[in-house]
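By convention in this document, chain letters (A, B, ...) are assigned in the order of the sequence lines, proteins followed by strands, and residues within each chain are numbered from 1.
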Amino acid sequence: MKQEEKIKIVIQELEKLYPEAPLALRYRSAFELLVAVILSAQCTDERVNRVTEKLFEKYRSPQDFLNVPVEELEEDIRPTGFYRNKARALRECCHKLMREFGGEIPRDINQITKLPGVGRKTAAMVLGNAYGLNLGIAVDTHVRRVVQRLELTREKKNVDKIEQELMALVPQEKWTWFSNALILFGRHICQARKPKCGECPFREWCPSPDKVV
DNA sequence: CTCCCGATAT
DNA sequence: ATATCAGGAG
């Protein structure tokens with residue numbers, strides 16, 4: 001089956017499964033979403049939400065992150081793991097936001113990606129969901145696993161390359177929805193450990209049924 | 001490629 | 001015990 005044929009079916013079925021495909025992360029602004037996505041690395045959304053519920057009461061603006069010792073911030077985000085890296089990233093990110101962007105999240109994919117701790121995945125997710133801008137496709141561990149299993153790509157490790165290939169296949173106005181939906185699909189059906197191939201709408205032609213990639 | 005790192009599923 | 005979870009930097 002050709003890539004164009006596959007992607008058409010995938011989009012069609014995902015639209016049935018997840019017509020809205022909302023994020024599970026809770027946030028009230030682009031800034032809160034940026035913080036939440038940075039915290040979500042190697043961590044479930046549920047735990048991020050538990051942490052941010054209190055965190056966003058205490059830290060309401062980028063400046064607030066600069067007003068406490070980094071050790072205090074580390075303690076406030078500890079349950080999300082990688083807390084030293086994340087605390088430093090948040091701090092430097094907020095510093096740059098204040099110094100170069102007037103405390104606002106830039107709406108440009110190349111500028112937002114220059115923020116410390118913000119890669120393509122975080123950038124695409126924030127711009128897409130907070131601003132409705134389809135400027136990239138968030139290729140996280142779920143998206144990567146699903147497109148590899150379906151062989152929508154042959155690329156194994158380079159997520160930037162996978163993103164380029166997907167952007168060429170998916171209509172731009174669907175980019176944000178597509179990554180959100182694929183993430184939900186990867187979480188609930190095409191899981192890493194015990195994929196629910198019995199519930200999968202692609203099982204008839206999936207090259208990787210019941211095996212772990 | 002390695003490191004960062006806690007919580008949960010298997 | 002081990003793999004994995006909404007990654008990014010050096």
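Scanning DNA chain B 5' to 3' for nucleotides with an atom closer than 4.0 angstrom to a non-hydrogen atom of chain A gives a first and last hit of dC4(B) to dA9(B).
Checked against salt bridge (Lys or Arg N to Asp or Glu O under 4.0 Å), Glu92(A) has no partners two or more places apart in sequence or in another chain. Residues satisfying the ring pair (Phe, Tyr, Trp, His ring centres under 6.0 Å) test with Phe202(A), not counting sequence neighbours, are Phe185(A), Trp205(A).
Near-neighbour residues of DNA chain C inside residues 158-190 of chain A, defined by a heavy atom below 4.0 Å, number-ordered: Ile183(A), Arg187(A). Within residues 69-100 of chain A, the residues having any heavy atom under 4.0 Å from DNA chain C are, by residue number, Phe82(A). For the contact set between residues 121-140 of chain A and DNA chain C, defined by any heavy atom under 4.0 Å, the members are Lys121(A), Thr122(A), Met125(A), Asp140(A). DNA chain C lies under 4.0 Å from at least one heavy atom of each of the following residues of residues 42-66 of chain A: Gln42(A), Cys43(A), Asp45(A). Looking at residues 13-27 of chain A, you'll see Leu23(A), Ala24(A), Leu25(A) sit with a heavy atom under 4.0 Å from some atom of DNA chain C.
The backbone N or O of Cys43(A) sits nowhere less than 3.5 Å from a side-chain atom of Ser40(A) that would complete a donor-acceptor pair. Under a 3.5 Å cut-off, the side chain of Lys121(A) and the backbone N or O of Val37(A) do not form any donor-acceptor pair. One N or O on the side chain of Asn180(A) and one on the backbone of Ala21(A) form a donor-acceptor pair closer than 3.5 Å. At least one donor-acceptor pair closer than 3.5 Å links the side chain of Trp175(A) to the backbone N or O of Val170(A). Within the 3.5 Å criterion, the main-chain N or O of Ala138(A) finds no donor-acceptor partner in the side chain of Arg120(A).
Applying the salt bridge (Lys or Arg N to Asp or Glu O under 4.0 Å) test to every pair with at least one member in residues 36-48 of chain A, sequence neighbours left out, gives these pairs: Asp45(A)-Arg187(A), Glu46(A)-Arg50(A).
Between Val37(A) and Lys114(A), the one whose closest nucleotide on DNA chain C sits nearer the 5' end is Val37(A).
Following chains of ILVMFWY side-chain contacts shorter than 4.5 Å, one can reach Tyr131(A) starting from Phe101(A), so the two form part of one hydrophobic cluster. The cluster map of Ile, Leu, Val, Met, Phe, Trp and Tyr, joined by side-chain heavy atoms under 4.5 Å apart, puts Val147(A) and Leu17(A) in the same cluster. Placement of Leu90(A) and Val70(A) in two distinct hydrophobic clusters is found when ILVMFWY residues are connected by side-chain heavy-atom separations under 4.5 Å, directly or transitively.
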Return all side-chain donor-acceptor pairs below 3.5 angstrom for residues 76-86 of chain A, not counting sequence neighbours, or 'none' if the list is empty.
| from | atom 1 | to | atom 2 | distance (Å) |
| --- | --- | --- | --- | --- |
| Asp76(A) | OD2 | Lys58(A) | NZ | 2.8 |
| Asp76(A) | OD2 | Tyr59(A) | OH | 2.5 |
| Arg78(A) | NE | Glu75(A) | OE1 | 3.3 |
| Arg78(A) | NH1 | Tyr83(A) | OH | 3.4 |
| Arg78(A) | NH2 | Glu75(A) | OE2 | 3.0 |
| Thr80(A) | OG1 | Ile77(A) | O | 2.8 |
| Lys86(A) | NZ | Leu39(A) | O | 2.7 |
| Lys86(A) | NZ | Ala41(A) | O | 3.0 |
| Lys86(A) | NZ | Thr80(A) | O | 2.9 |
| Lys86(A) | NZ | Gly81(A) | O | 3.2 |

Donor-acceptor pairs under 3.5 Å, side chain of residues 107-119 of chain A to any protein atom, not counting sequence neighbours: which ones?
| from | atom 1 | to | atom 2 | distance (Å) |
| --- | --- | --- | --- | --- |
| Asp108(A) | OD1 | Asn110(A) | N | 2.7 |
| Asp108(A) | OD1 | Gln111(A) | N | 3.0 |
| Thr113(A) | OG1 | Ile109(A) | O | 2.5 |

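The distance from atom NZ of Lys194(A) to atom P of dA3(C) is 18 Å, rounded to the nearest whole Å.
One finds a salt bridge joining Lys16(A) and Glu13(A) here, because a Lys/Arg side-chain nitrogen approaches an Asp/Glu carboxylate oxygen to under 4.0 Å.
Distance check on atom P: dC5(B) versus dA1(C) gives 24 Å, rounded to whole Å.
There is a side-chain donor-acceptor pair under 3.5 Å between Arg99(A) and His95(A). Residues Gln63(A) and Asn67(A) bring a donor and an acceptor atom of their side chains to less than 3.5 Å of each other.
The aromatic ring centroids of Phe65(A) and Phe31(A) lie less than 6.0 Å from each other.
Residue Leu66(A) belongs to a hydrophobic cluster whose other members are Met98(A), with links defined by side-chain heavy atoms closer than 4.5 Å.
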